[in-house]
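Below is one structure, written out as structure tokens, with a few remarks after it.
Letters go in sequence order (proteins before strands), and every chain restarts at 1.
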Number of protein chains: 2
Amino acid sequence: MDDHTSWVALNLVPGVGRITFKKLVVYFGHPRDVLQAPIGQLLRVPGIGSKIAHAIVSFQAAPAVEREFRAVERYRCYIVTQEDRAYPPLLKTIDDPPPVLYVKGELGDPSWPAVALVGSRRPSTYGKVVAEQLARGLAAAQVTVVSGLARGIDSTAHGGALAGGGRTIAVLGCGLAYLYPPENRPLADRISQHGAVVSEFSMGSKPDRLNFPLRNRTISGFSLGTVVVEAGERSGALITAQWALEQGREVFAVPGNITAPMSRGTNRLIKMGAKLVERVEDILEELPPYAFGATPARASEEPRQASLPLEETPLLALLDPVEERHIDWIVERAGLPTGAVSALLLQLELDGRVTQLPGKFYLKALPY
Amino acid sequence: MDDHTSWVALNLVPGVGRITFKKLVVYFGHPRDVLQAPIGQLLRVPGIGSKIAHAIVSFQAAPAVEREFRAVERYRCYIVTQEDRAYPPLLKTIDDPPPVLYVKGELGDPSWPAVALVGSRRPSTYGKVVAEQLARGLAAAQVTVVSGLARGIDSTAHGGALAGGGRTIAVLGCGLAYLYPPENRPLADRISQHGAVVSEFSMGSKPDRLNFPLRNRTISGFSLGTVVVEAGERSGALITAQWALEQGREVFAVPGNITAPMSRGTNRLIKMGAKLVERVEDILEELPPYAFGATPARASEEPRQASLPLEETPLLALLDPVEERHIDWIVERAGLPTGAVSALLLQLELDGRVTQLPGKFYLKALPY
């Protein structure tokens with residue numbers, strides 16, 4: 001079993017959640033070693049009881065993994081583990097990040113800024129209008145909109161980001177094969193073409209009630225900040241905001257009439273210190289400057305096109321938004337020394353007009 | 001001309017506003033001395049030009065004051081100067097407080113807490129509902145509601161306080177004889193019976209545009225805090241909030257939908273640090289504890305009746321809410337030593353059940 005597979009396998013062991021997973025990996029060094037450990041050694045891990053230890057040693061990894069990979073293939077997904085470069089670096093910094101992510105679509109460049117937009121499953125018209133506007137605004141500012149694909153504000157947020165020509169990531173509380181709520185299947189398909197549908201749960205996991213607080217934590221973990229648009233007093237969106245706070249991320253809330261039940265949660269968040277959001281700029285101005293280092297300019301800034309030295313523009317014509325080009329291929333056609341091309345590509349990358357992939361491959365950044 | 005009259009007279013000199021008034025009194029010590037000063041001395045006061053100096057020496061004080069006092073009598077008002085004990089002590093602490101106040105009604109015990117409730121002249125239904133609720137809540141908590149008698153939120157605030165059986169103070173931007181807006185005359189009459197209608201401008205002053213920012217400053221100066229219920233982006237209520245901030249008072253704002261023009265001012269205030277108000281408790285809990293020392297308990301607290309020692313209650317039966325009783329009169333009927341009666345009255349006063357007037361007269365506090 002290779003390293004990648006061992007991450008997937010350990011994550012499939014019944015009863016092994018992300019906290020247990022972390023304890024085991026901290027103790028043994030790698031999931032591979034956890035799966036090969038004798039029961040006596042497993043029982044020596046602080047916080048590991050005999051139930052979990054027995055579940056691990058009796059786990060039939062090979063057939064379970066094979067079944068899982070078949071499902072992953074059938075649904076045209078893939079799995080990213082914490083060891084993979086594609087694992088979102090921001091998510092990796094939280095306590096107990098999900099060991100593996102099931103992904104349908106593309107997580108995108110790790111340096112692209114992402115903001116969570118969440119809220120009530122039963123929003124008012126006001127909430128839906130505002131969620132749509134903010135999602136479009138974030139999309140226009142090249143910020144990936146992260147949400148939970150739930151009914152209500154979540155769905156509106158994903159839809160607004162797509163309508164704005166932007167990227168969006170849906171984080172599920174069930175497996176990608178299950179996909180809940182079912183009526184959001186068409187939306188999920190569109191999301192996977194302009195971002196990703198993501199789950200930390202194995203393919204067939206049902207939308208268990210206990211999954212959602214974990215899912216909310218992953219939503220905030222993906223994001224530089226969490227914006228709550230509408231939330232009742234006991235909304236799950238408040239849990240996401242709570243996680244964001246614990247993760248040291250920004251918390252934003254859209255105010256509403258104090259007579260509106262769906263604004264109670266957001267007004268309370270503001271009272272507790274969340275930043276009041278009226279316009280998308282209220283969100284953008286709180287994001288760390290590095291968030292925009294590798295993406296096109298904010299919507300409010302001057303277009304950078306005009307300020308680029310002339311020599312850089314022809315390079316862009318050699319690049320494609322879909323087909324990656326190797327630097328050697330670019331140098332050959334650009335008629336410039338490798339050092340100059342490297343410098344120009346770096347400048348373009350910093351300006352957010354080019355994306356560098358591992359191995360010195362380059363893509364032209366999409367204009368959205 | 002007596003001291004009281006000299007305050008009124010100097011305030012009537014054309015061109016003498018509260019800033020000039022203060023400069024003159026700081027220099028000469030008393031309005032009486034200002035009015036008797038030769039022009040050469042007046043011109044020596046820093047910031048006093050020849051126009052003002054000439055206006056003072058040529059001012060025909062006696063007939064002007066007589067005219068003014070006749071108007072005051074005709075409208076059954078009275079004048080309180082900064083030298084009078086009835087002048088609100090909180091108002092006196094601001095920079096350049098109004099030298100005199102024209103009052104119709106009763107300013108009330110200086111220790112009673114007061115909060116300003118202000119907002120748009122063109123509120124939405126939401127704003128009116130909230131203003132009414134908050135004013136009633138403040139009234140129930142024995143907090144005097146201060147506002148500007150303007151159309152819209154101001155009128156609703158006064159009306160809510162009256163409907164809640166509480167006290168309210170209307171601060172005008174014109175003279176008491178003018179009373180603007182005219183349709184609020186019946187409301188002003190009711191206010192003067194359960195609080196006061198107040199103006200810093202002489203009886204016949206018209207509602208000059210320049211008066212209103214000064215009036216707003218007096219509103220916030222009267223109050224421990226200012227609550228803005230609804231305000232457009234350029235509402236005068238925001239000026240009142242600004243004054244409150246400069247005076248070191250609390251600023252509160254009621255949030256609203258970000259799509260509502262009348263909530264733009266309040267949402268912006270919250271973004272700038274004003275406390276978000278959902279319920280009247282959000283206001284009460286920010287008021288300094290001493291604010292409630294001399295008034296009945298907050299609405300949310302246990303009724304204090306039960307906790308009082310038995311001996312105190314009979315004393316209350318000797319007091320009246322309208323007819324003031326002298327301590328000698330009370331001692332005689334209570335059959336207790338003077339020291340004991342004094343102590344019990346002090347306790348009742350601290351519990352907010354009795355009000356002490358100058359000269360050891362006592363009133364029973366009203367149950368509202």
Most contact-rich option vs chain A, by heavy-atom pairs under 4.5 angstrom, among B:Val129, B:Asn267, B:Ile270, is B:Asn267

Would you name the heavy atoms of A:Arg264 and B:Glu278 that are closest together and state the gap between them?
O-OE2, 3.9 Å

Closest-packed option against chain A by number of heavy-atom pairs under 4.5 Å, given B:Arg268, B:Gln133, B:Lys275:
B:Arg268

Value for NZ (B:Lys271) from CG (A:Asp282), rounded to nearest 0.5 Å, stands at 3.0 Å

B:Arg151 atom CZ, neighbour heavy-atom count above 12 within 6.0 Å
yes

Minimum heavy-atom distance A:Tyr126-B:Ile258, with the two atoms named:
OH-N, 2.8 Å

Return the minimal non-hydrogen interatomic distance between B:Asn257 and A:Gly256, and the atom names on each side.
OD1-CA, 3.3 Å

